[in-house]
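Step one of this worksheet: look at the structure below.
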Amino acid sequence: MTETDIKKGLAGVVVDYTAVSKVNPDTNSLLYRGYPVQDLAASKSFEEVALLLWTGELPSEAELADFVAAERAGRTLAANVKAAIDLLPTDCHPMDVGRTAVSVIGANHALAEDSSPEAELAKAKELFAAFPAVVAYDQRRRRGLDVVEPRADLDYAQNFLWMTFGEEAAPEVVDAFRVSMVLYAEHSFNASTFTARVITSTLSDLHSAVTGAIGALKGSLHGGANEAVMHTFQEIGIDKNETREDAAARAKTWMEEALAAKKKVMGFGHRVYKHGDSRVPTMKAALDKMIEHYGRGEMLGLYDGLEAAMDEAKAIKPNLDYPAGPTYHLMGFDTEMFTPIFIAARITGWTAHIMEQRAANALIRPLSAYNGPEQRAL
Ligand code: ACO
């Protein structure tokens, strides 16, 4: 075994087939079940995209209507899920709350140990419907606010914002949120999805796989980057009264200093895309609409300043987390809630992969090269 036989981080290693999504780094494109993600983001609801990821096809009107009705009926949390959340400190990370909530939802489930395709799909749909209530419940308890009950007359994105903020969001805001959910839904064998597949490969249950995936998503090299992007903006300083040009100049200086200090700047770079993340143009367009909606040109200045300085110094492009972070900030979410929103979206992709892994399973168990001490006597 030589050094080159070891694929650190599994970089470049193909471990299985998937029909869920196709990432093409050469053309910077991403297909969900064959459809370009930007086309789905332009015209499909998140509910339709979820069904596409799970079943392989866009739903008929009747299939969509059935799912929408079930989703609207499944937006409440069991008393013991709320009680478990209430036991957690309000200053713990909200990803810990998400992880705990999914674990309790799994423990409650009558079909927890049933891994038939029908049971797995039912559990995926139920988790999809319930998880926004976890995020909203946690965001409100952190702010000392009463719980807002879901509304069955609102769609998924509208209701998510309603339960979180207690008021109906403007259509532009709902649309930007929907776009973010579609873009975050799926991305092949990323770290959290692979984690879910590893757990599934042992024949463990769906909620265990999702719980493990949440742990993987929390890290700042993966989903935690959307939160970390906002910490960068906050470190540079957000001043609503600053001009776009002044904000860009300050951001540029910050980036030059950060790179000189050899810092990794979150929201830039990608293991697979080396010439730009396929999802960024669509998310950036949604961010632009939010900047216009909220009249916050200085945020665009910060965004442009960092991006230009990174491009000039290292030619590293932004990833999806870069435009998503400021978008959620403008909508009013606390920074720590950004990655739990990512969970709500990625539950679709994770569970599609769990079902795919289950259908053609092989235990995932790689080898390692031992580099500890030679055998020795006690
Ligand atoms: N800031 C500064 N330099 C960077 C960055 C960055 N964000 N990303 C890569 N580089 C540099 C590295 O320092 C390294 O430079 P060197 O060769 O001079 O040492 C080179 O680019 C290659 O970087 P690696 O980390 O080896 O590349 P890898 O493919 O392993 O990393 C990763 C991909 C982990 C995403 C990396 O780009 C990174 O840490 N980015 C910041 C975290 C982030 O935004 N993650 C979100 C991913 S997308 C998502 O989850 C939706």
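Read the numbers this way: they start at 1 and go in the same order the structure lists the ligands and their atoms. Any value given below was found using the heavy atoms of this structure, including those in side chains, with hydrogens, waters and symmetry copies removed. Note that this is a predicted model, so its numbers are computed, not measured.
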(request) Could you check atom 51 (C) of ligand 1 against the protein and tell me its nearest heavy-atom contact, residue, atom and distance included? (result) Asp321 OD2, 3.3 Å
(request) Nearest heavy atom to atom 37 (O) of ligand 1 wins, so pick from Ser192, Gly224, Gly269, Ala228. (result) Gly269
(message) Centroid separation under 6.0 Å, is that true for the rings of Phe338 and Phe333?
(response) no
(message) To the closest 0.5 Å, what do you measure between OG1 (Thr351) and CZ (Arg358)?
(response) 11.5 Å
(message) Give me the nearest non-hydrogen protein atom to atom 41 (C) of ligand 1 as residue plus atom name, then the distance to 0.1 Å.
(response) Phe268 O, 3.3 Å
(message) Quick test: of every protein heavy atom, which one is nearest to atom 33 (C) of ligand 1, and how far off is it to 0.1 Å?
(response) Arg271 N, 3.5 Å
(request) Using distance alone, decide if ligand 1 has a nitrogen or oxygen within less than 3.5 Å of any nitrogen or oxygen in Lys264. (result) yes
(message) So, 4.0 Å and heavy atoms of Lys262: is ligand 1 close enough to count as a contact?
(response) no
(request) Examine distances only and state if a side-chain atom of Tyr294 and a backbone atom of Gly297 form a donor-acceptor pair shorter than 3.5 Å. (result) no
(message) Under a 3.5 Å distance rule, please check whether Asp277 uses its side chain to pair with a backbone N or O of Leu320 as donor and acceptor.
(response) yes
(request) Step by step, work out the side-chain contact (heavy atoms from CB on, under 4.5 Å) result for Met255 and Val265. (result) CA-CA 8 Å; Met255 179 64 95; Val265 183; 3.7 Å; yes
(message) I'd like to know if Ala258 contacts ligand 1, where contact means a heavy-atom distance under 4.0 Å to any ligand atom.
(response) no
(request) With Tyr156 as reference, evaluate Phe67, Phe128, Trp162 under the ring-ring contact (aromatic ring centres under 6.0 Å, His included) test and give the passing residue. (result) Phe128
(request) Decide whether an N or O pair under 3.5 Å exists between Met266 and ligand 1. (result) no
(request) Could you check atom 1 (N) of ligand 1 against the protein and tell me its nearest heavy-atom contact, residue, atom and distance included? (result) Val265 N, 2.9 Å
(request) Could you find the nearest protein heavy atom to atom 18 (O) of ligand 1 and give me its residue, atom name and distance? (result) Lys314 NZ, 4.3 Å
(request) Determine, stepwise, if the pair Asp311 / Lys317 fulfils salt bridge (Lys or Arg N to Asp or Glu O under 4.0 Å). (result) CA-CA 7 Å; Asp311 198 37; Lys317 309 292 178 204; 2.6 Å; yes
(message) Under a 4.0 angstrom heavy-atom cut-off, which atoms of ligand 1 come close to Gly267?
(response) 43 (C), 44 (O)
(request) Please test Leu161 against Leu154 for side-chain contact (heavy atoms from CB on, under 4.5 Å), starting from the C-alpha separation and ending with a verdict. (result) CA-CA 10 Å; Leu161 296 165; Leu154 302 178; over 6 Å; no
(message) I need the nearest protein heavy-atom contact for atom 45 (N) of ligand 1: residue, atom name and distance, please.
(response) Leu221 O, 3.0 Å
(message) If only side-chain N and O atoms count, and only distance matters, is there a donor-acceptor pair under 3.5 Å linking Gln139 with Thr164?
(response) no
(request) Taking the six-membered ring for Trp and the single ring otherwise, decide whether the centroids of His270 and His275 are under 6.0 Å apart. (result) no
(request) Determine whether any heavy atom of Lys274 lies closer than 4.0 Å to an atom of ligand 1. (result) yes
(request) Look up atom CG in Leu306 and atom CZ in Phe233, then write down how far apart they are to the nearest 0.5 Å. (result) 5.5 Å
(message) With the threshold set strictly below 4.0 angstrom, can you tell me whether any protein non-hydrogen atom sits that near atom 29 (O) of ligand 1?
(response) yes
(message) Less than 6.0 angstrom from the centroid, inside 45 degrees of the normal: does Lys284 satisfy that with respect to the ring of Tyr322?
(response) no
(request) Please check atom 26 (O) of ligand 1 for a protein heavy-atom neighbour under 4.0 Å. (result) no
(request) Measure from atom 6 (C) of ligand 1 to the protein's non-hydrogen atoms and state whether any distance is below 4.0 Å. (result) yes
(message) List ligand 1 atoms under 4.0 Å from Met310, heavy atoms only on the residue side.
(response) 1 (N), 2 (C), 6 (C)
(request) Look only at interatomic distance and state if Ala225 has a nitrogen or oxygen under 3.5 Å from any nitrogen or oxygen of ligand 1. (result) no
(message) Can you confirm if the aromatic rings of Phe194 and His353 lie within a centre distance of less than 6.0 Å?
(response) no
(request) Go through the steps to decide whether His93 and Glu227 satisfy the test side-chain contact (heavy atoms from CB on, under 4.5 Å), and finish with yes or no. (result) CA-CA 11 Å; His93 197 285; Glu227 169 187 341; 2.8 Å; yes
(request) Just need the protein heavy atom nearest to atom 50 (O) of ligand 1, so name the residue and atom and give the distance. (result) His222 ND1, 3.1 Å
(request) Could you find the nearest protein heavy atom to atom 11 (C) of ligand 1 and give me its residue, atom name and distance? (result) Ile316 CD1, 3.6 Å
(message) Can you confirm whether some protein heavy atom lies under 4.0 Å from atom 22 (C) of ligand 1, or whether none does?
(response) no
(request) State if His187 counts as touching ligand 1 under the rule of any non-hydrogen atom under 4.0 Å. (result) no
(request) Under 4.0 Å from a heavy atom of Lys263: give me the atoms of ligand 1 that qualify, with their elements. (result) 2 (C)
(request) Measure Ser220 to ligand 1 on non-hydrogen atoms and call it side chain, backbone, both or neither using the 4.0 Å cut-off. (result) backbone
(request) Kindly confirm or rule out an N or O of Arg279 lying under 3.5 angstrom from an N or O of ligand 1. (result) no
(request) Tell me whether Tyr35 is reachable from Val49 by hopping between hydrophobic residues (I, L, V, M, F, W, Y) whose side-chain heavy atoms are closer than 4.5 Å. (result) yes
